[in-house]
Protein chains: 2
Amino acid sequence: MKKSKKDICEIAYVDRKKVVSVEKKMKDEPTIQLLAETFRALGDPTRVKIIFALSQEELCVCDIANLLGATKSAVSHQLRVLRNMKLVKYRKDGKMAYYSLDDIHIKNLFDECLRHVEEM
Amino acid sequence: MKKSKKDICEIAYVDRKKVVSVEKKMKDEPTIQLLAETFRALGDPTRVKIIFALSQEELCVCDIANLLGATKSAVSHQLRVLRNMKLVKYRKDGKMAYYSLDDIHIKNLFDECLRHVEEM
DNA sequence: AAAACAATTGAACATTTGTTCATCTATGCG
DNA sequence: CGCATAGATGAACAAATGTTCAATTGTTTT
């Protein structure tokens, strides 16, 4: 059995019209990657807690670590992941770094997911 | 240097009032886990494409595989991840399985993330 | 009944991920 | 200055993840 027929299904479209229609609207690869990376950045319990905490208060790394019972190092690593995806921002004040959500969209995103989860 | 002081910061709260306030509002562990699992389920390029495709049309596994240039097996595995998190649902029609987004919240969630990504 | 096909599933494998540990920078204070 | 602290970072290691391959289930067709 050839892969092209059996696994990839290259030839036998069930509904070619729908497939072509979706194909045309499909987002480009860089956008897909960014979407996936953004969701993945949110896809970890520690980072979810950080996002929730920052949706309530602006906090420094040390207080986030306290709150979560995690090390500052672990929190710092996770904050970088969130920073890379522009989910959180920070301001420096002396040797402290105060983190908060980057913008209102992040809270909307989080709340929408919370609503989904609470309906499960 | 002891971990409890240096890494965990158990004693030295920078702003205890804020920490305690957030602590009280913090979601419980099962909710945190579900949020993380839901975001993680969306955090993969293949699954992002599937979600986008299903936001446009109801599709069978074979057509999704065609659309993505992936094997039916890979798609089926990914659909199970999405199904487990109630992100997609399906109806059986003979030997076909037609998939679609589970509810409107999923599209909202996805669109909100798309908006964030397009502002980056 | 037998063959064909859509879909699912488990095992295996390489890759990715999250935490810990150690180290480093930079700021504040005695 | 000298030292403690907040935070960042790289290496390393265990755990989780995504795809492929092979086999299986259930349905339709001949």
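Chain naming here is simple, since letters A, B, ... match the order of the sequence lines and numbering starts at 1 in each.
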How close or far is atom [atom2] of [N] from atom [atom1] of [X], stated in whole angstroms?
X       : N      : atom1 : atom2 : answer
B/Ile64 : C/dT8  : CD1   : P     : 9 Å
A/Leu59 : D/dG7  : CG    : P     : 11 Å
A/Phe39 : D/dG18 : CZ    : P     : 15 Å
B/Met96 : D/dT25 : CE    : C1'   : 16 Å
B/Gln78 : D/dG18 : CD    : C1'   : 6 Å
B/Asp44 : D/dT19 : CG    : P     : 5 Å
B/Arg40 : D/dT17 : CZ    : C1'   : 9 Å
A/Gln33 : D/dG18 : CD    : P     : 13 Å

Sugar-phosphate only, base, or nothing, as touched by A/Ala97 at under 4.0 Å among non-hydrogen atoms: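 Sugar-phosphate contact only.
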Enclosure of B/Lys18 NZ (heavy-atom neighbours >12, cutoff 6.0 Å):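 Above 12, so yes.
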Exercise: do A/Gln33 and A/Glu37 side chains pair donor with acceptor under 3.5 Å: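 Looking only at side-chain atoms, A/Glu37 and A/Gln33 do not form any donor-acceptor pair under 3.5 Å.
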Does a side-chain N or O from [X] land closer than 4.0 Å to OP1 or OP2 of [N], or not?
X       : N      : result
B/Lys95 : D/dT28 : no
A/Arg80 : C/dG18 : no
B/Tyr99 : C/dT8  : yes

Donor-acceptor pair present, A/Ser73 side chain and C/dC21 base, under 3.5 Å: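 Between C/dC21 and A/Ser73, which were checked side chain against base, a qualifying N/O pair under 3.5 Å is present.
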Donor-acceptor pair present, A/His77 side chain and D/dG7 base, under 3.5 Å: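 No, the side chain and the base share no sub-3.5 Å donor-acceptor pair.
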A/Asp93 or B/Val75, whichever maps to the more 5' nucleotide of DNA chain C: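 Between the two, 5'-proximity favours B/Val75.
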Given DNA chain C, 5'-ward residue of the pair B/Arg83 and A/Thr46, judged by closest heavy atom: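 Checking each residue's closest nucleotide, the 5'-ward one belongs to B/Arg83.
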Mutual orientation of the aromatic rings belonging to B/Tyr90 and B/Tyr99 [parallel < 30°, tilted 30-60°, perpendicular > 60°]: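 Ring orientation of B/Tyr90 relative to B/Tyr99: parallel.
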Carboxylate-amine/guanidinium proximity below 4.0 Å for A/Glu58 and A/Arg91: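 Yes, charged N to carboxylate O under 4.0 Å.
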A/Arg40 to B/Phe39 six-membered ring, cation-pi geometry met (6.0 Å, 45°):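 A/Arg40 over B/Phe39 ring: no.
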